Amino acid sequence: MARVGLTPERLTQAGAELADEVGFDQVTVSALARRFDVKVASLYSHVKNSQDLRTRIALLALTELADRAADALAGRAGKEALAALGDVYRDYAREHPGRYAAAQLRLDPQTAAASAGVRHAQMTRALLRGYDLTEPDQTHAVRLLGSVFHGYVSLEMGGGFSHSAPDTDVTWARILDALDTLLRNWPAPERAHTHSTSSSSPAPPTDPRG
């Protein structure tokens, strides 16, 4: 690559491409300098250090994901919107594994508040309002969707489902069906923790243990 015209934006984009190629945890200022065939010191006028570079890549990934999600959710509601949002994360992870990993980077509160992560939360909550969920159940559901989407994608990308049937696309479709059913039949608060840890008689409905 030509060394002229280096900017923070160009370095961030190149860092994101490098992350997709070699893994997000392998992205450093030194690795990026080798990619541009320049001295490491020449990049420090554009990025502070490797952590700053990784943060910039994370912010780029969050923005790209939010843009895709906004396009996918436009005009959709209910299960159609749920499936569209899940597919955005899964497809992005397949296309850009390094950037997807970057999107999971823990940001400091100030950076996170100014990031596209806020848009992700807003879109997810808008989707959940279509299921008539209000607080605090809405927050519980946001955490559920994040856990299922990111958990499944991470296991799939790591080869965790490679040696068993059925095909992962079939399982993904069934998971989306199950999530839609759960969101439409969200358990009432007093039943949210209904499971017994002893052989004694069930507690009455008014018992706070459920």
Side-chain angles (χ1 to χ4, degrees), residues 1 5-36 43-44 46-74 76 81-128 139 141-161 168 172 175-176 179:
M1 291 185 178
L6 292 181
T7 63
E9 293 74 23
R10 188 180 178 198
L11 292 176
T12 300
Q13 186 65 42
E17 293 169 1
L18 183 62
D20 288 337
E21 295 170 12
V22 303
F24 181 59
D25 59 345
Q26 299 299 312
V27 176
T28 63
V29 173
S30 296
L32 199 57
R34 290 192 295 272
R35 190 177 185 87
F36 281 97
L43 300 188
Y44 285 126
H46 305 291
V47 294
K48 297 177 183 178
N49 48 43
S50 293
Q51 182 59 34
D52 179 42
L53 174 61
R54 284 192 283 266
T55 297
R56 290 172 182 272
I57 296 170
L59 294 175
L60 171 66
L62 286 171
T63 298
E64 290 180 341
L65 267 169
D67 289 344
R68 287 193 181 199
D71 289 342
L73 290 172
R76 292 187 167 97
L82 175 68
L85 183 62
D87 286 344
V88 163
Y89 290 121
R90 189 171 180 234
D91 292 345
Y92 188 79
R94 288 170 159 180
E95 295 171 30
H96 302 292
R99 297 184 209 200
Y100 183 79
Q104 315 311 314
L105 182 69
R106 185 169 185 171
L107 304 173
D108 66 77
Q110 183 176 0
T111 302
S115 75
V118 176
R119 291 172 60 199
H120 288 269
Q122 291 171 338
M123 285 185 284
T124 304
R125 289 181 182 278
L127 182 159
L128 291 171
T139 293
V142 167
R143 293 171 179 173
L144 171 68
L145 293 184
S147 299
V148 174
F149 290 163
H150 298 308
Y152 189 87
V153 167
S154 296
L155 287 169
E156 184 179 34
M157 295 294 292
F161 308 135
T168 56
W172 179 249
I175 285 173
L176 294 173
L179 286 173

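Positions are given from 1, in the same order as the sequence printed here. Quick caveat, the model's predicted, so the values are computed rather than measured.
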(Q) Determine whether Tyr92 and His96 satisfy the following criterion, ring pair (Phe, Tyr, Trp, His ring centres under 6.0 Å), listing intermediate values before the conclusion. (A) CA-CA 6 Å; Tyr92 188 79; His96 302 292; 5.2 Å; yes
Q. How would you list all residue pairs meeting salt bridge (charged side-chain N to carboxylate O under 4.0 Å, His left out) that involve residues 111-128, not counting sequence neighbours?
A. Asp67-Arg119, Arg125-Glu135
Q | With Ile57, the side chain to side chain contact (heavy atoms under 4.5 Å, CB included) member among Leu59, Leu53, Thr55, Leu60 | A | Leu53
Q: Please name all residues satisfying salt bridge (charged side-chain N to carboxylate O under 4.0 Å, His left out) with Asp52, sequence neighbours left out, ordered by chain then number.
A: Arg56
**Q.** Results of salt bridge (charged side-chain N to carboxylate O under 4.0 Å, His left out) for Glu9 - residues two or more places apart only
**A.** none
For the residue pair [X] and [Y], what are the closest heavy atoms and their distance?
X: Ala58; Y: Leu107; answer: CB-CD2, 4.4 Å
X: Leu73; Y: Ala81; answer: CD2-O, 3.3 Å
X: Ala72; Y: Ala84; answer: O-CB, 3.8 Å
X: Gly86; Y: Phe149; answer: CA-CZ, 3.7 Å
X: Tyr44; Y: Asn49; answer: CE2-CA, 4.0 Å
X: Asp20; Y: Pro97; answer: OD1-N, 3.5 Å

side-chain hydrogen bond (donor to acceptor under 3.5 Å, both in side chains) involving [X] - partner list, sequence neighbours excluded:
X: Tyr152; result: none
X: Glu95; result: Arg68
X: Asp108; result: Thr111

Q. Atom CZ in Arg99, atom CG in Leu62: separation rounded to 0.5 Å?
A. 12.5 Å
Q.
For the CG atom of Leu105 and the CZ atom of Phe24, what is their distance to the nearest 0.5 Å?
A. 5.0 Å
(Q) Applying side chain to side chain contact (heavy atoms under 4.5 Å, CB included), can you list everything that pairs with Val148, at least two apart in sequence or on another chain? (A) Leu144, Ile175, Leu179
Using a 3.5 Å cut-off and no angle test, enumerate the donor-acceptor pairs between side-chain atoms of residues 153-161 and protein atoms at least two apart in sequence or in another chain.
unit_1	atom_1	unit_2	atom_2	d
Ser154	OG	His150	O	2.8
Glu156	OE1	Arg90	NE	2.9
Glu156	OE2	Arg90	NH2	2.7
Glu156	OE2	Arg94	NH2	3.3
Glu156	OE2	Thr168	OG1	2.9

Q) So which pairs with a foot in residues 21-32 pass side-chain hydrogen bond (donor to acceptor under 3.5 Å, both in side chains), sequence neighbours left out? A) Glu21-Arg35
**Q.** Side-chain donor or acceptor of Arg54 paired with backbone N/O of Val27 under 3.5 Å
**A.** yes
Q | Partners meeting ring pair (Phe, Tyr, Trp, His ring centres under 6.0 Å) with His46 (sequence neighbours left out) | A | none
Q. What pairs of residues pass the ring pair (Phe, Tyr, Trp, His ring centres under 6.0 Å) test when at least one of them lies in residues 51-74, not counting sequence neighbours?
A. none
(Q) Could you check whether any side-chain heavy atom of Asp71 comes within less than 4.5 Å of a side-chain heavy atom of Val88, counting everything from C-beta outward? (A) no
